[in-house]
**Student:** 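There's a structure below that I have some questions on.
Residue numbers begin at 1 in each chain, while the letters A, B, ... track the order of the sequences. Below, all heavy atoms of this structure are taken into account, side chains as well, without hydrogens, waters or symmetry copies.
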Amino acid sequence: MSDLRSSKRISAEADDSSRKKARKDNDMDEDESYNPYLAHRQQGNGKSHHGVPSADSPFAGFQPRKTTAEQHSKVENLSDNAFTGQPHSQKYFQILETRRDLPVHKQRQEFLEKYHSTQILVFVGETGSGKTTQIPQYVVYDELPNLSGKMVACTQPRRVAAMSVAQRVADEMDVKLGEEVGYSIRFEDMTGPKTMLKYMTDGMLLREAMHDHEMSRYGCIILDEAHERTLATDILMALLKQIAARRPDLKIIIMSATLDAQKFQRYFNDAPLLAVPGRTHPVEIFYTPEPERDYVEAAIRTVLQIHASEPEGDILLFLTGEDEIEDACRKISMEADELQREVDAGPLVVYPLYGTLPPQQQQRIFDKAPPPLRKGGKPGRKCIVSTNIAETSLTIDGIVYVVDPGFSKQKIYNPRIRVESLLVSPISKASAQQRAGRAGRTKPGKCFRLYTEKAFKKELIEATYPEILRSNLANTVLELKKLGVEDLVHFDLMDPPAPETMMRALEELNYLACLDDDGELTTLGGLASEFPLDPALAVMLISSPEFYCSNEILSITSLLSVPQIFVRPANNRKRADEMKSHFAHPDGDHLTLLNAYHAFKGQSVNDSHGAKQWCHEHFLSFRHLSSADNVRAQLKRIMETHGLELVSTPFEDKNYYNNIRRALLSGFFMQVAMKESSGKVYRTVKDDQAVLIHPSTVLRTEYDWVLYNEFVLTSKQYIRTCTGIRPEWLMEIAPTYYDLETFDDGDVKRSLMRAAEKKRRKAAMKSDR
DNA sequence: GAGCACTGC
């Protein structure tokens, strides 16, 4: 119950003190954007002491935050680039023409007026409106960061988007990427001292905020794709709402698709709204008259019907996961061949699409549809069978038909047993609309929904629950503490999570000693928040020098932060398992991962080109091992910055592996299971869930106690990536959690008591001698 | 003896 107590105390605190402190720390003038006392910070050419452009500047006459679309246009038309002083390229003027053709351009003046009238603006633009590329540029011309010294930031939920949009906008502004326009994502900061406009991932802005609670580098922050409601976007919105109250000079724009616009407006104290139409084609929607029993079968049938009877155009089918997709692809291909023979249908190529597919194979979806089999024959088409990845992350032009069975895999969190799992669930109305929209990108399209119209209207929820309601929040709570949020219960989130989820997170962090009993961030917690890791992993890494194995734990942590490195193709499972057994360590999967990594590194040192081939032969993922290497380098840098030593126990030492297993426990002592007296079933400590060790394990020794990395809920309850441990270690390494007083009577308690007794006797014998 | 929707730091 300690969690309840500590969280009550947290909520009882008013956040006045933090607000006052922040106000004092904040060096911005409250009433004026351009503080003369800050003039010394400003750099660049052609400006006066007050941040207003001088008479000889191309921006002469511009009053920051009072500019007009006409002024912008004039400067854009100049033969020289007003920001760099360089002559504009030919390409620049070509792009400028297409930019002025975008729907959003017509409303440039209207946008500026709204922007001037308010601190927070909600901007709604459909796909194809040009909002992501244009709005930030309009803001740059109005803010003139080259004079004010305050950047414009635009966040994206995904890295690729941040990178590609930044490149596009750099071209549009005729500047070099990384100079006036740049981007910042994990592993890559493409910005410089001249950067005015910065595209970045939402997670990256959150990281920055941990060290700059006022986000003082920015004059305007634009949150793009806010309707996606990622964890980071939700936290940023709440944070920005707070900061906006302290920093009247900070402007905020929330950009979103139409559906939730009013919800955003209400949340931001009735902020004004500007809507811009998109540029898409109409999509005709068809529903099934009766509910379908087997949606995969119905989907395959629909695809084949479209192919047999509808005019030219590619097909996009949404299914839920890899297996289902591969299976459907096979069936569609087979049936389509038959159609070709029987009714002279055109050729149909089928491509699977999902996130874990290697990038080269993902690229194939952009191949052109096949030509007719013979001259004058029916045209060919392609059919893409995809997960939700095609709903948001990837857009494919040329899609005319969408088949939507109405399901996707979604993460859900059960705080009672502290388990996140994936569940096939019905999609939301917003999702269904997004999917349908994929059919109208190049010409009018059709969307076949494999559910009834009544089901759409009555059974589908409006929008998918935001991620914050479906996640374990331990990491989020730690981040918020580091962000200086004192009062978590009254932190004004758009959709506050269930109290039980919050309690669980506080409890977990308290056990990990990241929060003290008063809910305050401890030194350990502060350090843990510096790492881009879940709290248990961060604590394990920070504790590892005490166990003389920080080098090894650093590697294991990195390997646990990337997708599975062991590859197991469906047609070659036996051989893959054989290869994996070469790396197997009898004490568990963590040590097996380490063995594979060490072998990979040994290979890379000798022959970096051969490493790829070597991985292929050994059924290891070169991509994921390289990415683990990348993560490792980042984590290592953070360790060095904070004076955490990188040490190893000599390999010849008999405690080399024991030290590693003990260090694993320093973070994962809450993820431990004990074998029941009979059979193969284990029970998790405290949560008391019956679990099986996942069949992918290398554990062969019959351990009574194991620690696990992951609890997976599929056909059964499994624990995955397991390592054997000794019960006496638990009480030694995590005495508070394993305080026997707190355990209910039962097998677990009895077994722990026996271990404690054995240990006492051993110690007594030692001291007798 | 099984499966990994998708992101992100």
**Student:** Measure the distance from CG on A:N709 to C1' on B:dC4 and round it to the nearest whole Å.
**Tutor:** 14 Å
**Student:** Would you mind reading off the distance between A:D404 atom CG and B:dA5 atom P, rounded to a whole angstrom?
**Tutor:** 18 Å
**Student:** Quick one: A:I235 CD1 to B:dT7 C1', roughly how many Å, whole number?
**Tutor:**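 Nearest whole value for this atom pair: 14 Å.
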**Student:** According to the interplanar angle, ranging from 0 to 90°, do the rings of A:F600 and A:Y597 count as parallel (below 30°), tilted (30 to 60°) or perpendicular (above 60°)?
**Tutor:**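 Aromatic pair A:F600/A:Y597 classed tilted.
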**Student:** Return no unless some side-chain N or O of A:R720 is found under 4.0 Å from OP1 or OP2 of B:dA2.
**Tutor:**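 A:R720 to B:dA2 OP1/OP2: no side-chain N or O under 4.0 Å.
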**Student:** Nearest to the A:R158 side chain among B:dA5, B:dG8, B:dG3, which nucleotide is it?
**Tutor:**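 Between B:dA5, B:dG8, B:dG3, the one nearest the side chain of A:R158 would be B:dG8.
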**Student:** I'd like to know if A:R573 reaches the base of B:dG3 with its side chain, counting only an N/O donor and acceptor under 3.5 Å.
**Tutor:** yes
**Student:** So what does A:D577 touch, heavy atoms closer than 4.0 Å: a base, only the sugar-phosphate, or nothing?
**Tutor:**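 Result for A:D577 = base.
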**Student:** Using a strict cut-off of less than 4.0 Å between a Lys/Arg side-chain nitrogen and an Asp/Glu carboxylate oxygen, indicate whether A:K411 and A:E467 qualify as a salt bridge.
**Tutor:**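 Looking at A:K411 and A:E467, the cut-off is met.
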**Student:** Want to settle it: does A:L533 or A:T387 sit nearer the 5' end of DNA chain B, counting the closest nucleotide to each?
**Tutor:** A:T387
**Student:** Select base, sugar-phosphate, or nothing to describe what A:S408 touches, counting heavy atoms under 4.0 Å on all strands.
**Tutor:**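 Here A:S408 touches no strand at all.
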**Student:** Taking CD from A:Q564 and P from B:dA5, how many angstroms apart are they, rounded to a whole number?
**Tutor:** 14 Å
**Student:** Go through B:dG8, B:dA2, B:dC4 for me and flag the one nearest to the A:L422 side chain.
**Tutor:**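 Ranking B:dG8, B:dA2, B:dC4 by closest atom to the A:L422 side chain puts B:dC4 first.
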**Student:** Once you measure the plane-to-plane angle for A:H694 and A:Y718, does it fall in the parallel (<30°), tilted (30-60°) or perpendicular (>60°) bin?
**Tutor:** perpendicular
**Student:** Students often get this wrong, so: under 4.0 angstrom with heavy atoms, is A:I185 touching a base, only sugar-phosphate, or nothing?
**Tutor:**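 Sugar-phosphate only.
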**Student:** Between C1' on B:dC4 and CG on A:D323, what's the gap in Å once rounded to a whole number?
**Tutor:**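 The answer, rounded to whole Å, is 9 Å.
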**Student:** Looking for any heavy atom pair under 4.0 Å, which part of the strands does A:E322 touch: base, sugar-phosphate only, or nothing?
**Tutor:**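 If one applies the 4.0 Å heavy-atom cut-off, A:E322 turns out to touch a base.
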**Student:** Is any side-chain nitrogen or oxygen of A:T392 closer than 4.0 Å to OP1 or OP2 of B:dT7?
**Tutor:** no
**Student:** Would you classify A:F531 as touching base, sugar-phosphate or nothing, given that sugar-phosphate means primed atoms plus P, OP1 and OP2, and contacts are heavy atoms under 4.0 Å?
**Tutor:**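 Answer is nothing: A:F531 stays at 4.0 Å or more from every strand.
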**Student:** Got a salt bridge between A:K331 and A:D327, using NZ or NE/NH1/NH2 to carboxylate O under 4.0 Å?
**Tutor:** yes
**Student:** With nearest nucleotide decided by heavy atoms, which residue, A:R470 or A:E479, maps closer to the 5′ end of DNA chain B?
**Tutor:** A:R470
**Student:** CD of A:Q717 versus P of B:dA2: gap in Å, rounded?
**Tutor:** 15 Å
**Student:** Among B:dC9, B:dA5, B:dG1, which is the nearest nucleotide to the side chain of A:P532?
**Tutor:** B:dC9
**Student:** Could you tell me which residues satisfy side chain to side chain contact (heavy atoms under 4.5 Å, CB included) with A:Q361, sequence neighbours excluded, listed by chain and number?
**Tutor:** A:L357, A:P358, A:R364
**Student:** A:E188 has an atom CD; how far is it from atom P of B:dG8, in whole Å?
**Tutor:** 13 Å
**Student:** Grab the CZ-P distance between A:F711 and B:dC4 for me, whole Å please.
**Tutor:**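 It works out to 13 Å between those atoms.
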**Student:** Between A:K716 and B:dA2, does any side-chain N or O lie under 4.0 Å from OP1 or OP2?
**Tutor:**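 Checking A:K716 against B:dA2: at least one side-chain N or O falls below 4.0 Å of OP1 or OP2.
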**Student:** State plainly whether the residues A:E640 and A:K636 are in salt-bridge range, i.e. N to O under 4.0 Å.
**Tutor:**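 A salt bridge links A:E640 with A:K636.
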**Student:** Under 4.0 Å: is that the gap between some side-chain N or O of A:Y718 and OP1 or OP2 of B:dA2?
**Tutor:**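 For B:dA2, OP1 or OP2 has a side-chain N or O of A:Y718 closer than 4.0 Å.
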**Student:** Among B:dC9, B:dA2, B:dA5, find the nucleotide with the atom closest to the side chain of A:R186.
**Tutor:** B:dC9
**Student:** Give a yes/no on whether any side-chain N or O of A:R159 is located under 4.0 angstrom from OP1 or OP2 of B:dC9.
**Tutor:** yes
